[in-house]
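Have a look at the structure below, then the notes.
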Amino acid sequence: MKTTVKELYARFEELNNQEVTLFGWVRNNRAQKEFGFINLNDGTFFETIQVVYENEILDNFKETQKLRVGSSVRVKGILVVTPSMKQPFEIKAREVEMLGDSLEDYPIQPKRHSREFLRENAHLRPRTNLFSAVFRVRSILNHAIHTFFQDRNFVHLAAPLITASDAEGAGETFKVTTLDLDSVPKIKDGEVDYHEDFFQKKANLTVSGQLQAEAFALAFKDVYTFGPTFRAENSNTTTHASEFWMIEPEIAFADIHDDMQLAEDMVKFIIEYVIKRAPKEMEFFNKFVQKGLLEKLNKVVSSDFIRITHKEAVKVLLDSGQKFENLPKYGDDLATEHEKFLVKHFDGPVFVIDWPKDIKAFYMRMNDDNETVAAMDLLVPGSGELIGGSQREERLEYLEKRMEEMNVPKEELWWYLDLRKYGGCKHAGFGLGFDRMLMYLTGIENIRDVIPFPRTPRNCEF
RNA sequence: GCCUAAUUAGCUCAGUUGGUUAGAGCACAUGACUGUUAAUCAUGGGGUCCUAGGUUCGAGUCCUAGAUUGGGCGCCA
């Protein structure tokens, strides 16, 4: 019977004394004079299976003794339940066939490696315990997101990755062009002639699918996007990548409070979903990556998220007596040190709402005080700003005024303004950093270690 | 982009005040071993001490510049 490690762990009791065939990679090989042990992993399950081989049974015993870590093999043998041993069952091999050798200089050894070294071997690191766990959970997290929204009748849309709008704010974008960069066509005063370009205008990779999601929300009511996003900022931190994934739900006939409730429900759902479907991996993170991780996550699921206004948050910071590098101020953004203090102070995720209008985007709905907007950030320990969202300005005249004040070109966003002209309604949404969510779930401290092949400034290997 | 630290064997690291032939564990190779599980034990091979200059009788060690990497901060809808 051709089977997998995952299946054997699920059914080993009923398969006692049956013959099975496995394909996988050698994680460890401990050879002795007349017998030896191979730890086999086939990628389907976090655990390995111990294969016992004996000189009396195998004709290629000598070759099997010399199998190196990383080799791919086929193993045929009898499953034997071993209740008194360290492992619940093992395979008594009848045949062990090497399929692919692993050369002497194989970098991945059965020992602890530094994260930095494994980053430089991003093509091999999914074979380690840690990254096997990270990327399986990443896959499950992906599914959790879709399940959460699909179960609630949200419609998924794929927002475009190439946009022509230059009106999305201060974020540095990657340019998309088919122009010959060695000989760019110019118009009279030396400026680039984009009429010669593929789209006949400036184009760039998207920094957000939100504006398009709004258009769909005003047709389907509840929608979400889930896809990659690109930022060309020269950011060198543990929470920034040049290419990352975002989830951006958008809900119509809803305000900022509905928005926060959705965010809170989603975070709780995701945590429960992942813990249930990747218990081995989550235990591993709990033990070896961040002690107390599971306790922290379980607490998040069972408690209500704190909600405070930006003003209250600044007051908490000022009253704390804590010395900060940057002095907290009512009109200013929160610095990283402030965010860290707040999540520690409240010992869990914190929504900060009602932000000063001048530090937020043009589309956020003006509050009645005319000074703050209906924006919310969800701060969590370890990943900083996990979610940023807002109620959107649905009143055409307010929106146009803000665009003028903030120098956002109205002509390019004519279609966005149309949404306010034809059956506009109050609506809200948020963006969740998928990779940061994964950091939060696993306790991994660097975003480069939760992305299969991360892109950051000066790094586009693999 | 700013500040800071690091770079020595395939990996993780030690290397004293500038002084003989730069070490250890793991990995690898050879051998021993009748239940190992990061197996153990013995033996062996393996080095452009990041790069380029400089100081010195003598540099892994001190100085200058650069590269790469980590951390902190900034930038960041």
Side-chain angles (χ1 to χ4, degrees), chain A residues 27-40 47-56 65-66 68-70 80 82 84-88 90 92 102-121 124 128-129 165 167-173 206-211 213-214 229-242 244 246 248 288 324-326 333 335-340 355 359-364 373 375-377 384-385 387-390 392 402 406 408 429-431 433 436 445-446 448-449 456-459 461:
Chain A
R27 280 284 179 89
N28 199 351
N29 185 8
R30 300 177 295 280
Q32 300 185 44
K33 192 178 187 183
E34 296 297 324
F35 54 89
F37 305 92
I38 287 171
N39 287 103
L40 187 79
E47 302 284 341
T48 57
I49 284 182
Q50 174 160 288
V51 176
V52 192
Y53 57 92
E54 295 178 51
N55 196 8
E56 277 185 17
Q65 277 184 309
K66 292 187 197 313
R68 277 185 293 259
V69 174
V80 179
T82 54
S84 59
M85 305 286 205
K86 208 168 166 181
Q87 65 285 346
E90 61 189 21
K92 298 259 191 222
S102 177
L103 302 184
E104 284 173 31
D105 58 357
Y106 184 55
I108 309 295
Q109 301 155 27
K111 58 166 271 188
R112 228 186 133 268
H113 291 287
S114 69
R115 304 274 170 88
E116 294 81 22
F117 172 73
L118 290 169
R119 252 171 240 157
E120 289 168 8
N121 290 279
L124 300 175
T128 64
N129 279 335
S165 165
E168 294 178 341
E172 287 294 317
T173 57
T206 184
V207 295
S208 165
Q210 179 202 316
L211 304 188
E214 281 189 52
T229 302
F230 308 89
R231 305 272 168 104
E233 271 97 30
N234 186 16
S235 294
N236 298 287
T237 80
T238 53
T239 52
H240 290 83
S242 311
F244 61 99
M246 278 213 295
E248 296 181 287
F288 295 111
F324 294 108
E325 295 278 320
N326 310 282
D333 206 349
T336 305
E337 56 175 336
H338 303 147
E339 296 180 356
K340 283 180 178 168
W355 289 72
I359 59 168
K360 288 291 182 183
F362 72 92
Y363 52 74
M364 295 185 176
V373 289
M376 59 95 159
D377 280 5
E385 187 191 327
I387 289 175
S390 69
R392 318 307 189 189
R402 284 305 282 159
M406 298 175 81
V408 178
F430 62 81
R436 288 184 182 180
E445 286 166 330
N446 195 317
R448 298 173 180 94
D449 294 332
T456 53
R458 297 180 301 282
N459 182 5
E461 194 66 46

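Letters go in sequence order (proteins before strands), and every chain restarts at 1.
For A/Tyr53, the ring pair (Phe, Tyr, Trp, His ring centres under 6.0 Å) test picks out A/Phe61, with sequence neighbours left out. Under the rule for a ring pair (Phe, Tyr, Trp, His ring centres under 6.0 Å), A/His240 has no partner lying at least two apart in sequence or in another chain. For A/Asn326, the side chain to side chain donor-acceptor pair (under 3.5 Å) partners are A/Glu337, not counting sequence neighbours. Residues passing the ring pair (Phe, Tyr, Trp, His ring centres under 6.0 Å) test with A/Phe35, sequence neighbours excluded: A/Phe37.
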* Structure fact -> Encoded 5' to 3' (Watson-Crick or G-U under 3.5 Å; [ ] crossing; | other strand), RNA chain B becomes (((((((..((((.....[...)))).(((((.......))))).....(((((..]....))))))))))))....

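Between B/rU55 and B/rU43, the distance separating the two P atoms is 45 Å to the nearest Å. Remark: the separation of the C1' atoms in B/rG31 and B/rC11 is 25 Å, to the nearest Å.
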* To do: Assign a letter to each nucleotide of nucleotides 27-34 of chain B from its 5' end: B, base within under 4.0 Å of a protein heavy atom; S, sugar-phosphate only; -, no contact.
  => SSSSS-BS

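Note on A/Arg115: nothing from the nucleic acid sits closer than 4.0 angstrom, heavy atoms only. Heavy atoms of A/Ser114 sit under 4.0 angstrom from primed sugar atoms or phosphate atoms, though from no base atom. Residue-level contact check: A/Arg231 touches the backbone only, with heavy atoms under 4.0 Å from sugar-phosphate atoms and none from bases. Within 4.0 Å of A/Lys340, counting heavy atoms only, lie sugar-phosphate atoms of the nucleic acid but no base atom.
Ion pairing between A/Lys360 and A/Asp377 holds under the 4.0 Å rule for side-chain N and carboxylate O.
Side-chain polar atoms of A/Thr229 and A/Arg231 form no donor-acceptor pair below 3.5 angstrom.
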